[in-house]
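Working notes for the structure below.
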Number of protein chains: 2
Amino acid sequence: MPTTVDYEQLLREVDLRVTQPRVAALAAVYDNPHADTGSLIESVREELGEVSPQAVYDVLRALTDAGLVRRIEPAGSVARYESRVGDNHHHVICRACGAIADVDCAVGDTPCLTASETHGFAIDEAEVIYWGRCPSCRKETRV
Amino acid sequence: MPTTVDYEQLLREVDLRVTQPRVAALAAVYDNPHADTGSLIESVREELGEVSPQAVYDVLRALTDAGLVRRIEPAGSVARYESRVGDNHHHVICRACGAIADVDCAVGDTPCLTASETHGFAIDEAEVIYWGRCPSCRKETRV
DNA sequence: TTCTTAACTTGAATCGTTCCAGAAAAGCGG
DNA sequence: CCGCTTTTCTGGAACGATTCAAGTTAAGAA
């Protein structure tokens with residue numbers, strides 16, 4: 001579990017000024033995987049008191065641009081953020097409740113990076129989303 | 001190239017009433033692959049005259065629910081629709097201009113359907129998006 | 001044709017997100 | 001430690017895609 005000092009270190013490494021909202025937002029993303037912006041705003045507020053939503057939006061954008069966090073936008077959902085970056089993992093999402101879980105690459109490190117026909121595109125990332133139903137939603141349907 | 005009769009046939013097959021907006025919207029999706037809702041509304045209006053945006057929204061939802069068209073929502077983009085359904089193909093999207101092209105499955109029919117660790121999820125679809133730069137945007141950068 | 005149901009119109013509302021101008025704070029050189 | 005410069009944060013408003021609600025119209029069955 002990273003400490004405040006670790007978060008400050010991460011920020012400095014990407015030339016971002018160390019501010020309370022940034023440290024708190026970074027910690028919130030680490031503590032709440034796949035959380036949406038609203039949840040993160042709440043987390044930051046629990047830590048620091050009143051903070052404007054726009055500040056959190058700005059911070060998340062800065063963190064995303066710097067590569068410290070990853071923004072994911074599943075269809076039919078609001079933007080979500082996660083702290084795992086650069087390891088080429090994917091996601092499995094429940095159609096019913098929207099729950100998200102991490103899935104490591106099925107085949108080696110960059111499995112789907114090789115499309116059959118690229119139409120001349122220079123591909124730099126393959127994003128994979130597995131759609132299905134999570135365990136608890138499967139139970140509910142059976143009842 | 002399907003005709004109006006073909007579209008009517010498709011609608012009847014899924015127990016949807018045949019209406020002018022529906023036929024026009026279905027034709028629009030076939031004629032404009034990966035078009036967003038706004039473009040489809042325009043296409044329908046060129047065909048039928050004044051049609052309310054909500055009608056097109058409703059029609060597209062009905063067509064999507066019926067499985068006649070597929071709705072895709074790339075991150076950072078509005079909803080788009082395509083007529084290719086049920087063939088498990090994927091997409092390559094340009095980060096710069098948002099252009100979308102179809103990509104057939106790299107490995108057989110259901111390549112990525114086998115995640116390494118499913119967390120108990122019942123997976124029914126694997127959605128793959130290849131992110132990169134399209135040929136024309138690559139040219140622009142070089143200049 | 002007549003009836004029933006589904007579909008369309010009109011109008012407004014919602015919600016996540018972004019933009020703007022001004023105030024505040026952090027970092028840095030002195 | 002002090003003041004300056006730059007960046008960030010605040011507060012408010014705006015935006016745009018999508019959805020909701022109520023009433024009217026049209027499609028398909030009897």
Side-chain angles (χ1 to χ4, degrees), chain A residues 4-5 7-26 28-29 34-45 47-66 68-69 71-81 98, chain B residues 4-5 7-26 28-29 34-45 47-66 68-69 71-81 98:
Chain A
T4 300
V5 178
Y7 296 130
E8 293 178 358
Q9 173 79 12
L10 286 171
L11 290 170
R12 286 185 218 282
E13 282 173 1
V14 293
D15 287 325
L16 285 180
R17 288 190 182 175
V18 177
T19 66
Q20 286 198 337
R22 286 182 170 176
V23 174
L26 193 50
V29 174
H34 313 127
D36 58 37
T37 312
S39 306
L40 295 174
I41 291 174
E42 280 187 32
S43 294
V44 172
R45 283 190 175 154
E47 185 78 16
L48 301 180
E50 195 58 27
V51 177
S52 69
Q54 291 75 0
V56 180
Y57 273 103
D58 287 349
V59 167
L60 290 174
R61 172 186 290 255
L63 295 178
T64 304
D65 291 344
L68 289 185
V69 305
R71 176 188 176 122
I72 54 180
E73 301 176 44
S77 167
V78 297
R80 293 169 179 276
Y81 295 87
Chain B
T4 300
V5 177
Y7 296 130
E8 293 178 357
Q9 172 80 12
L10 286 171
L11 288 170
R12 287 187 216 282
E13 282 173 2
V14 293
D15 286 326
L16 284 180
R17 287 189 183 176
V18 177
T19 65
Q20 288 198 336
R22 285 182 171 174
V23 174
L26 193 50
V29 174
H34 313 127
D36 59 37
T37 310
S39 305
L40 295 173
I41 290 175
E42 281 186 30
S43 294
V44 172
R45 284 194 174 150
E47 186 76 17
L48 301 181
E50 195 58 28
V51 177
S52 68
Q54 291 74 2
V56 180
Y57 272 104
D58 287 348
V59 167
L60 289 174
R61 172 186 290 256
L63 295 178
T64 304
D65 291 344
L68 289 185
V69 305
R71 175 188 178 124
I72 53 180
E73 301 177 45
S77 166
V78 297
R80 294 169 178 277
Y81 295 86

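All values below come from the heavy atoms of this structure, side chains included, with hydrogens, waters and symmetry mates left out. Reminder, nothing fancy here: chain letters follow the sequence lines and each chain counts from 1.
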Can you tell me how far the CZ atom of A/Arg12 sits from the CG atom of A/Leu10, to the nearest 0.5 Å?
11.0 Å

Between B/Asp15 (CG) and C/dA7 (P), how many Å, whole number?
11 Å

Rounded distance (Å) that lies between atom C1' of C/dT17 and atom CG of A/Leu40:
15 Å

Quick one: B/Tyr57 OH to C/dT10 P, roughly how many Å, whole number?
17 Å

Quick one: B/Arg61 CZ to C/dA6 C1', roughly how many Å, whole number?
16 Å

Can you check whether A/Tyr81 reaches A/Thr37 side chain to side chain, under 4.5 Å on heavy atoms?
yes

Tell me: CD1 of A/Ile41 to P of C/dT18, nearest whole Å?
11 Å

Using a 4.5 Å cut-off on heavy atoms from C-beta on, say whether the side chain of B/Leu16 contacts that of B/Leu63.
yes

Does a side-chain heavy-atom distance below 4.5 Å link A/Arg22 with A/Arg17?
yes

Which is true for B/Pro21 with a 4.0 Å heavy-atom rule: it touches a base, it touches only sugar-phosphate, or it touches nothing?
sugar-phosphate

5'-most contact on DNA chain C (nearest-nucleotide basis), B/Gln20 vs A/Gln20, goes to B/Gln20

Reading DNA chain D 5' to 3', which nucleotide is the first, and which the last, to come under 4.0 Å of any heavy atom in chain B?
D/dA17 to D/dG28

With sugar-phosphate meaning primed atoms plus P, OP1 and OP2, does B/Thr19 contact a base, only sugar-phosphate, or nothing at under 4.0 Å between heavy atoms?
sugar-phosphate

Starting from the 5' end of DNA chain D, give me the residue, B/Arg71 or B/Arg12, whose nearest nucleotide shows up first.
B/Arg71

Let me know the distance between CG of B/Leu16 and P of C/dT5, rounded to the nearest Å.
18 Å

Quick one: does A/Arg80's side chain get under 4.5 Å of A/Glu73's, heavy atoms only?
no

So how far off straight is the helix from C/dT1-D/dA30 to C/dG30-D/dC1, going by the axes through five pairs at either end, to 10°?
40°

I need the CG-C1' distance between B/Asp65 and C/dA7, as an integer number of Å.
15 Å

Evaluation steps, side-chain contact (heavy atoms from CB on, under 4.5 Å), between B/Arg61 and B/Asp65:
CA-CA 6 Å; B/Arg61 172 186 290 256; B/Asp65 291 344; 3.6 Å; yes

Base C/dA7 to side chain B/Arg17, donor-acceptor N/O within 3.5 Å cut-off:
no

Could you tell me whether B/Ala62 contacts a base, only the sugar-phosphate backbone, or nothing, with contacts defined as non-hydrogen atoms closer than 4.0 Å?
nothing

Rounded to the nearest 0.5 angstrom, the NE2-CG distance for B/His34 and B/Asp36 is 12.5 Å

Donor-acceptor pair, distance only, cut-off 3.5 Å: does the side chain of A/Arg71 make one with the backbone of A/Ala79?
no

Can you name the nearest heavy-atom pair linking A/Leu40 to A/Ala35, along with the distance?
CD2-CB, 3.8 Å

